[in-house]
S.K.: 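Shown below is the structure under consideration.
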Amino acid sequence: MKADVLVLATLATLCSILVYTDACSCMLSHPQQHYCNSDFVILARVKRERIHADSRIYKVRVRREYKISEKGTLALKSGRLITAVWDSMCGTRLQPGKLYVLSGRIFSLKAYINLCNMAVEWDTLTRRQRKGLKLMYKHGCSCQIKRCLATEQRCPRHVDSCNWGNDCETKEGICMRQANNSCMWTRNRALAKCTKEWRKNLTANASHKREPTLLYHLP
Ligand SMILES: *[C@@H]1O[C@H](CO)[C@@H](O)[C@H](O)[C@H]1NC(C)=O
Ligand SMILES: *[C@@H]1O[C@H](CO)[C@@H](O)[C@H](O)[C@H]1NC(C)=O
Ligand SMILES: *[C@@H]1O[C@H](CO)[C@@H](O)[C@H](O)[C@H]1NC(C)=O
């Protein structure tokens, strides 16, 4: 299991933007980014977990494969997902019995998951996110998704990316190259409705003269 520890450590470093000595930190990712940047994305029910040396090993039953390579198929035949035991090394925790959408990486024919990957309970996904996983995210992988929370000034537009500024885009957004070659959130009713409500909330918040939001304190 020494090799696993090494891989886990490497993964933990790769996924951290700031490397703390005692904490794992991940850049927040949109579900479409998880989809595009992972070796595998699956729907799986967690059966059991056990600890072996520095690894926590989850035994899962794979219910659906949204994205997987040939190596991934081999690795996942065992139904084993490996993660670090320690939070500080980005070890992730799953609950036996629950059904998750999980993303991760394959190294040496083993499947690894960590805190920076996607591990979302199936029940909490929106219809649009399920459709994205099943059909649409894969068509958007040539587009970047850029976190952009500025609420007063506009975020600069780029042809090759969508600006990700609110929760509506997380829940209902699928970033795709449009007919004119620009990447944009694909229009749909759920996104329009959510965005309208979000704008209304924003206006209401502004008129209450709240403290400037935390956004502006970020480095
Ligand atoms: C591309 O088309 C969308 C509408 O689908 C429009 O909103 C956007 O401004 C266009 N982008 C460019 C660069 O022309
Ligand atoms: C708008 O505000 C309401 C009440 O706080 C909240 O329940 C709802 O989720 C908000 N909607 C959005 C899109 O932020
Ligand atoms: C409005 O303020 C509430 C409470 O501070 C916050 O949770 C919510 O995200 C804000 N909504 C918007 C759209 O900024």
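Indexing begins at 1, ligand by ligand and atom by atom, following the structure's order. Treat the numbers as computed from the prediction; the structure is a model and nothing was measured.
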S.K.: Salt bridge between Arg128 and Glu172, side-chain N to carboxylate O under 4.0 Å?
M.R.: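 Looking at Glu172 together with Arg128, the answer is no, because their closest N to O distance does not fall below 4.0 Å.
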S.K.: Just jot down the ligand 2 atoms closer than 4.0 angstrom to any heavy atom of Asn201, in number order.
M.R.: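 In order of numbering, the contacting atoms are 1 (C), 2 (O), 3 (C), 8 (C), 10 (C), 11 (N), 12 (C), 14 (O).
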S.K.: Tell me whether atom 5 (O) of ligand 1 lies less than 4.0 Å from at least one protein heavy-atom position.
M.R.: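 Under 4.0 Å from atom 5 (O) of ligand 1, zero protein heavy atoms found.
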S.K.: What is the nearest protein non-hydrogen atom to atom 9 (O) of ligand 1, stated with its residue, atom name and distance?
M.R.: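 That would be Arg157 NH1, 4.2 Å.
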S.K.: Of all residues at least two apart in sequence or in a different chain, which pass the salt bridge (Lys or Arg N to Asp or Glu O under 4.0 Å) check with Glu49?
M.R.: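 Glu49: salt bridge (Lys or Arg N to Asp or Glu O under 4.0 Å) contacts with Arg56.
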S.K.: What protein heavy atom sits nearest atom 2 (O) of ligand 1, and how far off is it?
M.R.: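 Heavy-atom neighbour on the protein nearest atom 2 (O) of ligand 1: Asn180 ND2, 2.3 Å.
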S.K.: Quick one: does His30's side chain have a donor or acceptor within less than 3.5 Å of a partner on Glu169's backbone?
M.R.: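 A pair under 3.5 Å: yes.
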S.K.: Can you name the residues that form a side-chain hydrogen bond (donor to acceptor under 3.5 Å, both in side chains) with Asp39, not counting sequence neighbours?
M.R.: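 If we apply the side-chain hydrogen bond (donor to acceptor under 3.5 Å, both in side chains) test to Asp39, skipping adjacent residues, the hits are Arg105.
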S.K.: Has the side chain of His158 got a donor or acceptor atom that lies under 3.5 Å from a matching backbone atom of Asp160?
M.R.: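 Such a contact is absent between His158 side chain and Asp160 backbone.
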S.K.: Suppose I only count heavy atoms of Trp198 and a 4.0 Å limit; which atoms of ligand 2 are within that range?
M.R.: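 Taking each heavy atom of Trp198 in turn, ligand 2 has 13 (C), 14 (O) under 4.0 Å.
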S.K.: With a cut-off of 6.0 Å (strictly less than), are more than 12 heavy atoms of other residues, nucleotides or ligands near CZ of Arg147?
M.R.: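 Yes, the 6.0 Å shell around CZ holds more than 12 heavy atoms from other groups.
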S.K.: Please write down residue, atom name and distance for the protein heavy atom closest to atom 7 (O) of ligand 1.
M.R.: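 Protein heavy atom at minimum distance: Met184 CE, 3.5 Å.
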S.K.: For atom 13 (C) of ligand 1, what's the nearest protein heavy-atom neighbour? Residue, atom name and distance, please.
M.R.: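 Protein heavy atom with the smallest distance to atom 13 (C) of ligand 1: Ser182 OG, 3.3 Å.
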S.K.: Using a strict 4.0 Å cut-off to heavy atoms of Glu197, name the atoms of ligand 2 that fall inside it.
M.R.: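 That gives atoms 1 (C), 8 (C), 9 (O), 10 (C), 11 (N), 12 (C) of ligand 2.
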